[in-house]
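All figures in this text were calculated on a predicted structure; none of them were measured in a lab.
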Amino acid sequence: MFLRFFFCLLLAGGLFACKTDSAPTATDNDSDSPVISFKNTDNTARIALRVEPPGLNPVLSTQAASRYVGEMIFQTLNSMDPDNFEQVPLLASLPDITKEPGGGVSYSYLIDERATWPNGLPVTAADVIFSLKLVLNPLVASGAYRPYYDMVSSVVTSPNNERRFKVMCKRPYLIAQESLGSLVIYPEYAYDPDRLLRKIRLGDLTTDAGAERLAKNSEELKTFSEAFSDPDLANNPERIVGSGPYQLVSWEPGQQLTLDRREKYWGSKSRDNWLKAKPESIIFQIISDNGTMANAIRDEAVDVVVDMSVDQFKELRDDDYLNARYEFGTIQSLKYFGLLFNQQHPLFKDASTRRALTHLVDVDAIIDQLFPNGLANRVTGPVLPGKSYYNGDLPEIPYSPEKASELLKSAGWEDTNGDGTLDKEIDGSRQEFSFQFLIFPSPTSDAVGALVSEWMGEAGIEVEVVRQDFRALYGELNKGNFALAIIGQGFTPNPDEFTQVWASTSVPPNGTNRGGFASAEADKLINQIKGTLKESDRDPLYRRFQEILYENQPMIFLFSPADRVVVSKRFDFEPSSISPNVDFNALEKKE
């Protein structure tokens with residue numbers, strides 16, 4: 001499942017305009033540029049990741065680091081052209097789409113006749129059916145992806161061609177083609193050698209009642225699910241198998257993952273970036289410390305840096321020595337950040353309290369101090385300006401301690417014991433307005449934490465900033481063990497489909513609604529949006545949905561940052577607005 005959790009941001013003057021001192025392109029060097037002697041001359045691409053992947057089993061992870069590595073190993077039915085965001089063939093052709101009797105829709109595919117697994121077997125429709133069963137399996141932790149496939153009813157295969165199949169859908173779905181196209185295809189022979197899921201009808205997994213019945217009664221489903229959830233399938237190089245251009249050959253925990261180009265890879269001669277296999281090897285190095293990262297860049301120990309911190313990017317891009325060896329550029333990202341309230345926490349069940357705290361965060365000051373010169377743009381919700389359905393009638397919420405004080409008072413907060421901290425009677429007992437604020441381990445996150453703590457402290461709210469690594473932080477979020485946390489969100493550059501993040505049914509493990517946002521009207525709108533294909537009919541639904549979120553204040557929306565692109569000049573590459581902004585498999589060593 002490589003549904004990319006991003007959104008599309010239209011900028012005045014163009015789509016995803018690059019804003020760089022030297023735009024990150026493959027042709028920046030001209031004939032007058034000095035000849036640089038690079039430390040590494042091999043055809044190995046060394047990629048620096050700030051976070052180690054928790055595992056490489058795509059259905060079981062939503063983390064970006066897992067996707068960055070996983071896309072080199074696993075493939076989807078279709079891919080997305082990074083220039084125009086249209087679907088393009090990958091493992092299979094683009095679908096023929098047909099309206100079916102009774103209101104259904106079918107999507108007919110033909111798998112590329114060249115596509116094979118590492119053992120030489122062809123990729124077939126049986127692998128596709130198996131992969132769909134994985135996503136819909138209620139005993140597998142695939143809840144973040146399941147909503148994107150609940151429209152599937154069955155798959156019809158061809159009796160004469162094992163590569164031809166038709167996905168039958170119960171009803172129209174806004175992003176059905178994109179969802180089906182982004183389905184990661186697993187080899188059945190490697191992940192279900194006993195063919196246990198063949199004993200389970202796909203149709204029985206596509207209804208809540210059928211899935212629940214199987215979860216309780218099917219020994220085959222239970223046995224398979226336990227085996228599939230084994231961490232060894234996500235960490236052992238010998239058990240991670242995909243149709244992609246690379247295979248994992250070693251994993252040194254906390255250090256690096258090494259991938260080698262597959263022998264006889266089926267797409268090796270393709271001219272499309274999403275199918276290429278240019279580097280002989282790709283080494284993903286785990287470097288979370290800024291000092292270590294700076295040393296690795298200066299020593300040319302890495303060729304590409306993913307998600308470089310803003311502070312370090314600003315510092316290193318002005319270094320003449322490094323500028324001669326690396327491209328430093330920015331591209332408007334397809335993600336945003338905010339401070340997420342846990343609406344199940346006693347302190348934050350009241351919308352007035354959440355709105356009050358929003359007035360205590362000076363978003364413009366954060367951007368001016370931490371993201372100067374266009375490194376971030378302010379956001380006010382999950383839909384950004386430029387989209388036809390952006391609700392421009394909802395103004396930015398200003399920094400106003402006075403307004404915050406007024407709202408806090410009306411919500412019952414006051415300092416009754418004179419200790420300098422507000423308090424309130426909640427569930428029969430007097431509680432101090434004191435909580436922990438979870439942040440990422442980075443200088444930028446530290447600065448946000450310090451500012452938020454200071455601003456709220458001045459209003460009589462005690463905030464303890466708690467720094468946690470990415471895995472631990474998201475673990476706490478998924479368990480609901482938090483009050484306030486900094487978090488990133490994003491969507492594909494398709495029409496927004498809000499089920500996964502905002503539906504009341506998508507609280508983990510069934511999705512990524514980690515703050516527990518719940519609104520009957522919002523749920524109804526989400527269902528209407530995903531089934532409404534006509535743009536003009538969807539727009540008012542989108543606008544009302546934004547109003548509900550604005551009134552509810554589930555998070556303090558902050559900014560959409562520019563992605564930082566850092567690539568060694570020893571490689572030709574094409575920058576992409578889709579994170580991680582570089583196709584690692586298409587990095588081509590200059591001669």
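Atom CG of Leu375 sits about 7.5 Å away from atom CZ of Arg564, to the nearest 0.5 Å. Put simply, CG on Leu451 and CG on Asp446 are 11.0 Å apart, with the number rounded to the nearest 0.5 Å. Rounded to the nearest 0.5 angstrom, Met151 CE and Lys530 NZ are separated by 10.0 Å. One distance of note links NZ of Lys424 with CG of Leu408; it measures 9.5 Å at 0.5 Å rounding.
A salt bridge does not link Lys524 to Glu521: none of the charged nitrogens lies less than 4.0 Å from a carboxylate oxygen. Comment: Arg543 does not engage Glu547 in a salt bridge, judged by the lack of any side-chain N to carboxylate O separation of less than 4.0 angstrom. Using a cut-off of 4.0 Å between Lys/Arg side-chain N and Asp/Glu carboxylate O, Arg378 and Glu396 are scored as salt-bridged. In summary, Lys403 and Glu406 engage in a salt bridge, as defined by a charged side-chain N under 4.0 Å from a carboxylate O. Salt bridge present: Asp232 and Arg239 bring a charged side-chain N and a carboxylate O closer than 4.0 Å.
A donor-acceptor pair shorter than 3.5 Å cannot be found between the side chains of Asn552 and Ser519. A donor-acceptor contact under 3.5 angstrom links the side chains of Asp523 and Ser504, judged on distance only.
Taking both residues in full, the closest heavy atoms of Ile286 and Gln256 are given as CG1-N, 4.3 Å, listed atom of the first, atom of the second, then distance. Nearest heavy atoms, Asp563 versus Ser579: OD2-CB, 4.4 Å. Between Ser66 and Pro53, the shortest heavy-atom contact is OG-CB, 3.7 Å. Summarising the geometry of Pro382 relative to Tyr336, their closest heavy-atom pair is CB-OH, 3.7 Å, with the distance given to 0.1 Å. Across Pro561 and Phe371, no two heavy atoms sit closer than the pair CB-CE2, 4.3 Å. The minimum heavy-atom distance linking Leu134 with Ser142 is given by the pair O-OG, 3.6 Å.
Note: Phe130 and Tyr191 fail the aromatic proximity criterion, with ring centroids not under 6.0 Å apart. Remark: aromatic rings of Phe341 and Phe517 are distant, center separation not under 6.0 Å.
Pairs of residues two or more places apart, or lying in two chains, that qualify as ring pair (Phe, Tyr, Trp, His ring centres under 6.0 Å) and include a residue from residues 447-472 are Tyr399-Trp455, Phe440-Phe470.
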#### Entry: Tyr173 vs Tyr148, ring-ring contact (aromatic ring centres under 6.0 Å, His included): CA-CA, chis, key distance, verdict
CA-CA 9 Å; Tyr173 176 44; Tyr148 294 103; 7.1 Å; no
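Around the CD atom of Glu432, the shell of radius 6.0 Å holds more than 12 heavy atoms that belong to other residues, nucleotides or ligands.
In this pair, Tyr186 and Phe74 present their aromatic rings tilted. The plane angle is within the 30 to 60° band. Note on ring orientation: taking the six-membered ring where Trp is involved, the planes of Phe348 and His345 are tilted (angle from 30° to 60°).
Put simply, the side chain of Ser182 gets close to the backbone of Glu178: a donor and an acceptor are under 3.5 Å apart. Between the side chain of Asn342 and the backbone N or O of Phe482 there is at least one donor-acceptor pair closer than 3.5 Å.
Residues satisfying the side chain to side chain donor-acceptor pair (under 3.5 Å) criterion with Gln255, sequence neighbours excluded, are absent altogether.
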